[in-house]
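Shown next, in structure tokens, is the structure this report addresses.
One-based numbering along the sequence shown.
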Amino acid sequence: MIKLDKVDRHILEMLQENAKLTTKEVASVLGLSITPVYERIKRLERHKIILKQVALVDRKKIGRGLIGFCNVSLNQHSKDSLLKFEQDVLIFEEVLECYHITGKFDYMIKIAVEDMEAYHKFTYYHLATLDNVGNVHTVFAMNDIKYSTAYPVRS
């Protein structure tokens, strides 16, 4: 793992806020020339600190207004069973995030669907068809209080 200095952290902060910033714009804010900033960004990409750049979409405007957090318990907990579930859940377009968690449940899955009917179809035709699923408990977001994809990077 590479050591991040103050400049690297500032670059990460800026790009998390606006990935469309040009190298020239970043360099201008940092008071550096373009070439060293370009090289730093490329190094951050090579070391997989910057994984990819994406556009954040207003989910409600594309018909994905209902967010659910599905807590899933599996019947079997062998390595193969866990890996199979993880591979299977990746194919569902409704799934935004999936975490292997501690506690009463084995996984937490964040889903985005149009409405309750779409949620029903997701659980009935997708999640419930997986061999090893024992129990699913879902809670729904009523409102977005804080939504961020940016990690704090300043030290």
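In this structure, CE on Met108 lies 9.5 Å from OG1 on Thr102, to the nearest 0.5 angstrom. Rounding to the nearest 0.5 angstrom, the gap separating the CG atom in Leu15 from the CG atom in Leu12 is 7.0 Å. With rounding to the nearest 0.5 Å, the separation of CZ in Arg40 from CG in Asp8 is 4.5 Å. To the nearest 0.5 Å, atom CG of residue Asn135 and atom SG of residue Cys70 are 11.5 Å apart. Glu39 CD to Ser33 OG: the interatomic distance, rounded to the nearest 0.5 Å, is 10.5 Å. Here Ile109 contributes atom CD1 and Ile101 contributes atom CD1; the two are 9.5 Å apart, rounded to the nearest 0.5 Å.
Between Leu21 and Val29 the shortest side-chain heavy-atom distance does not fall below 4.5 Å. Taking the side chain as every heavy atom from C-beta outward, Leu44 and Ile2 approach each other to under 4.5 Å. Considering only heavy atoms from C-beta on, Arg59 comes within 4.5 Å of Asp144 through its side chain.
Considering all non-hydrogen atoms of both residues, Gln16 and Tyr151 come closest at OE1-N, 2.6 Å. Across all their heavy atoms, Thr129 and Tyr125 have their closest contact at CG2-O, 3.3 Å. For Arg9 against Val153, the heavy-atom pair with the smallest separation is NH1-O, 2.6 Å. Smallest separation of non-hydrogen atoms from Asp88 and Ile91: O-CG1, 3.0 Å. In terms of heavy atoms, Gly68 sits closest to Thr138 at CA-CG2, 4.3 Å. Residues Thr22 and Glu25 approach most closely at N-OE1, 2.8 Å, considering heavy atoms.
Salt-bridge check for Glu45 with Lys42: passed, with a basic side-chain N closer than 4.0 Å to an acidic carboxylate O. Under a 4.0 Å N-O distance rule, the pair Arg64/Glu93 qualifies as a salt bridge.
Placement of Phe105 and Tyr99 within a single hydrophobic cluster is found when ILVMFWY residues are connected by side-chain heavy-atom separations under 4.5 Å, directly or transitively. Each of Val139 and Val95 belongs to its own hydrophobic cluster when Ile, Leu, Val, Met, Phe, Trp and Tyr are linked at side-chain heavy-atom distances under 4.5 angstrom. Linking ILVMFWY side-chain heavy atoms closer than 4.5 Å, directly or via other members, places Leu127 and Leu82 in a single hydrophobic cluster. Cluster membership for Val37 and Val7, using ILVMFWY side-chain heavy atoms within less than 4.5 angstrom, is shared. Ile11 and Ile34 are members of different hydrophobic clusters when ILVMFWY side chains are connected at heavy-atom separations under 4.5 Å.
A side-chain donor-acceptor contact under 3.5 Å links Asp106 to the backbone of Leu74. The backbone N or O of Lys60 sits less than 3.5 Å from a side-chain atom of Asp58, completing a donor-acceptor pair.
Residues forming a side chain to side chain contact (heavy atoms under 4.5 Å, CB included) with Ser148 (at least two apart in sequence, or on another chain): Lys146, Ala150. Considering only residues two or more places apart in sequence or on other chains, Glu114 meets the side chain to side chain contact (heavy atoms under 4.5 Å, CB included) condition with Ala118. For Phe92, the ring-ring contact (aromatic ring centres under 6.0 Å, His included) partners are Phe122, His126, not counting sequence neighbours.
Atom CD of Glu13 sits in a crowded spot, with more than 12 heavy atoms from other residues, nucleotides or ligands closer than 6.0 Å. Crowding of Lys84 atom NZ: a count of heavy atoms from other residues, nucleotides or ligands under 6.0 Å not exceeding 12. Taking a 6.0 Å sphere around NE2 of His47, one finds it holds more than 12 heavy atoms contributed by other residues, nucleotides or ligands.
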Q. Are Arg43 and Arg46 close enough, and set up right, to give a side-chain contact (heavy atoms from CB on, under 4.5 Å), and what steps lead you there?
A. CA-CA 5 Å; Arg43 188 187 80 211; Arg46 268 194 320 275; 3.5 Å; yes
Q.
Pair Phe85, Val133 - check side-chain contact (heavy atoms from CB on, under 4.5 Å), show working.
A. CA-CA 8 Å; Phe85 174 81; Val133 172; 3.9 Å; yes
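Using bins of under 30°, 30° to 60° and over 60° for the plane-to-plane angle, the ring pair Phe140/Tyr119 lands in the perpendicular bin.
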